[in-house]
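Right, one structure below, let's go through it.
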Amino acid sequence: MIKPLLSFITLLLAANSYAQIYLNPGVDTSLVEVKQALRFYNKYVAGFNGKNIPDMAKYWPQSEVKLRKVPDQLIYAINDYPLYSMGCQLTILYIRPTANYVHIKTQFSVPDSLKNVMTMAIANYYVAFDKNHQPYFKNPLTTQLGGWRSRAMRNITYYYPTYHTFNAKRADSLITSVARLEKEWGLTPINIRYYLANNKDELYKLQGFDYTVMMGNKEAPSGKSDDKDNQVFCGGLGENYFHEVVHLYLNHLYPKSPLQEGLAVFYAGSMGHTVKWHLKTVNEYLNKHPETDLTDLDNFWYTDPFTNPGSAIQGMLCSMIFKKDGIAGLKRLMQYNSYKEIFKKEFNIDTAQINAFLKKSIADESVN
Ligand SMILES: [Zn+2]
């Protein structure tokens, strides 16, 4: 995921409050079924409070709740914090009642300092009614997957669009990496749903979005893991997006480690490139910008559209420990809850020395 946007989203969280739902001009709410669908949607939205989300079983059919803890694929698609709690203004742009459901299209936006609208997402909800006229949400993911293909390999079920020719060789490579990872960390196989497409925009549409702030720009491989329901959404690397699968296996073991992303980068690179590739570009950037201060790694998140310097440095720290102490070293490294502890206990570096230490390490590790 792209760090500048995440920082922006974090800013939004600070302004988190219950969002009033507005109606765009032209939206007709006079029909009874539209009124009923809107009441249902409003109640659902009101059920979000910070990290707390409404009881999914009250809004989604049993078949959906059985498949996933969180049937609503829009809640965590952009961030690990619920979309409805990000402090956005909600505007219903469009309502279309059909024979089978009422389609509601909502814009999530925030005003900038000049009150211009900045749109974070445009999302679709489909409210249907059961035989007792009780409303429930239909899942756009389930509906659209009806037109996709699927293939199960070991513990991974792949879902892919019809234009895609399944590449069993790439799937085999992923399975081999997964089996090795399980062995190294003493873990049993996790059943994973793996959705793949040519790019991330298609995957956001599969989930039910028309638009998210993460879409567009020059294409680069991009993925998202969902460890609540053991799913990965992978655009651009076909059947072998190991990075996101690593997150599913290892994130929950070390929920407080600042190196969760680094561990996935260590194993599988990032955005289609290895740790070393990223370190080379970071090193070139640092040579051109010697004033850059790496003391607070969270503040170093952008060099160019294809590199995530923070993740690359995290991956480098994992790689350095692995070279020294193998998997046992990585298991030890992941136990720490802060960078300060990691630098002190693993590298014997105080805060004042972090900047120089990292710059030297980046220069060394980008060539070795
Ligand atoms: Zn990651």
| Can you find a heavy atom in the side chain of Gln335 that is under 4.5 Å from one in the side chain of Glu341? | no
| task | Pick out which of Tyr194, Trp148, Phe166, Phe233 makes a ring-ring contact (aromatic ring centres under 6.0 Å, His included) with Tyr160. | result | Phe166
| message | Membership question, hydrophobic clusters at under 4.5 Å side-chain separation (ILVMFWY): are Val117 and Tyr22 in the same one? | response | no
| query | Taking the six-membered ring of Tyr76, is the NZ or CZ of Lys228 close enough (under 6.0 Å from the centre) and on axis enough (within 45°)? | reply | yes
| task | Return the orientation label for the His289 and Tyr285 ring planes: parallel under 30°, perpendicular over 60°, tilted otherwise. | result | parallel
| Shortest non-hydrogen contact from Leu237 to Arg170? | O-NH2, 2.8 Å
| Looking at CG of Leu90 and CG of Leu23, how far apart are the two atoms once the value is rounded to the nearest 0.5 Å? | 11.0 Å
| field | Heavy-atom closest contact (Ala171 atom, Met153 atom, distance) | value | CB-CE, 3.6 Å
| said: Under 4.0 Å between a side-chain nitrogen and a carboxylate oxygen: does that hold for Asp210 and Lys205? | reply: no
| query | Can you check whether Ile192 reaches Tyr249 side chain to side chain, under 4.5 Å on heavy atoms? | reply | yes
| request: Scan side-chain atoms only and decide if Tyr126 and Asn100 contain a donor-acceptor pair under the 3.5 Å cut-off. | output: no
| field | Tyr44 and Tyr84 aromatic ring geometry - parallel, tilted or perpendicular at 30°/60° bounds | value | perpendicular
| query | Can you check whether Thr295 reaches Thr351 side chain to side chain, under 4.5 Å on heavy atoms? | reply | yes
| Is Phe129 close to Val102 at the side-chain level, that is, under 4.5 Å between some pair of heavy atoms? | yes
| query | Once you round to the nearest 0.5 Å, how far does CG of Leu196 lie from CG of Leu203? | reply | 7.5 Å
| So Tyr336 and Glu346, side-chain hydrogen bond (donor to acceptor under 3.5 Å, both in side chains) or not? Walk me through it. | CA-CA 10 Å; Tyr336 304 112; Glu346 291 293 326; 2.7 Å; yes
| Does some side-chain heavy atom of Arg193 sit less than 4.5 Å from a side-chain heavy atom of Arg68? | yes
| query | Taking atom types as modelled and ignoring hydrogens, do the side chains of His243 and Glu261 form a donor-acceptor contact shorter than 3.5 angstrom? | reply | yes
| field | For Glu365, the option from Lys280, Lys360, Lys359, Lys323 that meets salt bridge (Lys or Arg N to Asp or Glu O under 4.0 Å) | value | Lys323
| task | Sort out for me which residue in Val232, Leu206, Asp226 forms a side chain to side chain contact (heavy atoms under 4.5 Å, CB included) with Tyr195. | result | Leu206
| query | How are the rings of Phe322 and Phe266 set relative to one another: parallel (under 30°), tilted (30 to 60°) or perpendicular (over 60°)? | reply | tilted
| request: Write down the atom of His278, the atom of Asn308, and the distance for their closest heavy-atom approach. | output: ND1-N, 3.9 Å
| Side chain to side chain, Asn348 and Lys344, heavy atoms closer than 4.5 Å | yes
| query | Does a sphere of radius 6.0 Å around CD in Gln134 hold more than 12 heavy atoms from other residues, nucleotides or ligands, not counting ones at 6.0 Å or beyond? | reply | yes
| task | Might you point out which heavy atoms bring Gln107 and Thr119 nearest each other, and give the distance in Å? | result | OE1-OG1, 3.4 Å
| Arg332 atom CZ: more than 12 heavy-atom contacts under 6.0 Å | yes
| field | Separation of Lys224 NZ from His247 NE2 (nearest 0.5 Å) | value | 9.0 Å
| query | Do the ring planes of Phe357 and Phe347 sit parallel (below 30°), tilted (30 to 60°) or perpendicular (above 60°)? | reply | tilted
| task | Considering only NZ, NE, NH1 and NH2 on the basic side and carboxylate oxygens on the acidic side, decide whether Lys51 and Asp80 come within less than 4.0 Å. | result | no
| field | Nearest atoms (heavy-atom pairs only) where Tyr59 meets Pro54 | value | CE1-CB, 3.9 Å
| query | Ile342 and Pro258: which non-hydrogen atoms are nearest, and at how many Å? | reply | CD1-CG, 3.8 Å
| field | Gap between atom NE2 of His103 and atom CG of Asn124 - 0.5 Å precision | value | 3.5 Å
| query | CD1/Ile92 to OG1/Thr106 distance, rounded to the nearest 0.5 angstrom? | reply | 5.0 Å
| Which of parallel (below 30°), tilted (30 to 60°) and perpendicular (above 60°) describes Tyr41 and Phe137? | perpendicular
| Under a 4.5 Å cut-off applied to non-hydrogen side-chain atoms, are Leu333 and Cys318 in contact? | yes
| request: State yes or no: do Tyr204 and Val70 share one hydrophobic cluster built from I, L, V, M, F, W and Y residues joined by side-chain heavy-atom distances below 4.5 Å, directly or via other members? | output: yes
| task | Decide whether Asp227 and Ser225 meet the rule of one side-chain donor and one side-chain acceptor closer than 3.5 Å. | result | no
| query | Does the side chain of Lys66 reach to within under 4.5 Å of the side chain of Ser63, using non-hydrogen atoms? | reply | no
| field | Audit row: Glu182, Asn155, side chain to side chain contact (heavy atoms under 4.5 Å, CB included) steps and yes/no | value | CA-CA 12 Å; Glu182 287 167 2; Asn155 58 321; 3.9 Å; yes
